[in-house]
Amino acid sequence: QVEVVESGGGLVQTGGSLRLSCAPSDRTFSRYAMGWFRQAPGKERDFVAAIRWSGGSTYYADSVKGRFTISRDNAKNMVYLQMNSLKPEDTAVYYCAATKRQVWSSTIYYEYSYDAWGQGTQVTVSS
């Protein structure tokens, strides 16, 4: 049972842009928060960005601040990650995550705060 579906990855040159999309399978995931994480080859999965459905508060990893923007469309039940000024070090599999629980601002950065994960979408930035 697929609970979260991502799309929008691909190959782009340094300095280019991509937009990732994410849709949770049902509205039970559309009350609290959604997050994006990424995993580069040989590395652990890291937090990228998160957003609260209510109020739209956003959170970013330092490495993407000013370049990436997370947004949501409550009516469409969609979350987006706009990635600009891409660098080769942004190359990774990007995962969308959803939670059915209230998440504190201090813990929204951690995988354990999320209940469902997508299968991932590859983003490759060529130099």
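This is a predicted model, so every value here is computed, not measured.
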Under the 3.5 angstrom rule, does the side chain of Y60 hit a backbone N or O of I70 as a donor-acceptor pair? yes

Can a donor-acceptor pair be found, under 3.5 Å and without considering hydrogens, that links the side chain of R101 to the backbone of S113? yes

Side-chain heavy atoms of M83 within contact of Y94, under 4.5 Å: yes

Show every donor-acceptor pair shorter than 3.5 Å between a side-chain atom in residues 8-18 and any protein atom, with sequence neighbours excluded, or say none if there are none.
residue, atom, partner, partner atom, Å
T14, OG1, S126, O, 2.8
S17, OG, N84, OD1, 2.9

Compare all side-chain heavy atoms of W36 with those of C22 and state whether any distance is below 4.5 angstrom. yes

Roughly how far apart are K43 NZ and E89 CD, rounded to 0.5 Å? 8.5 Å

Flag this pair as yes if the NZ/CZ of K100 is under 6.0 angstrom from the six-membered ring centre of F29 and inside a 45 degree cone about the axis; otherwise no. yes

Sub-4.5 Å side-chain heavy-atom contact between S7 and L20: no

Ionic contact status for K87 with D90, cut-off 4.0 Å: no

Do the non-hydrogen side-chain atoms of S25 and V4 ever get within less than 4.5 Å of each other? no

Other members of the hydrophobic cluster containing F47, with the 4.5 Å side-chain heavy-atom rule, please. F37, Y59, V93, Y95, V103, I108, Y109, Y110, Y112, Y114, W117

Is Q102 close to R52 at the side-chain level, that is, under 4.5 Å between some pair of heavy atoms? yes

For residues A49 and L81, report the shortest heavy-atom separation together with the two atoms involved. CB-CD1, 4.1 Å

Minimum side-chain heavy-atom gap S30-M78 below 4.5 Å: no

Ignoring hydrogens, what is the shortest heavy-atom contact between R38 and A92? Give both atom names and the distance. CB-CB, 3.8 Å

Which heavy atom of E6 sits nearest a heavy atom of T121, and at what distance? CB-CG2, 4.2 Å

Is there a donor-acceptor pair under 3.5 Å between the side chain of Q82 and the backbone N or O of T69? no

Do side-chain atoms of R72 reach the backbone of W53 as a donor and acceptor pair under 3.5 angstrom? yes

Is there a side-chain contact between M34 and C96, using heavy atoms and a 4.5 Å cut-off? yes

Pairwise distance OG(S57) to CD1(I51) - rounded to 0.5 angstrom: 8.5 Å

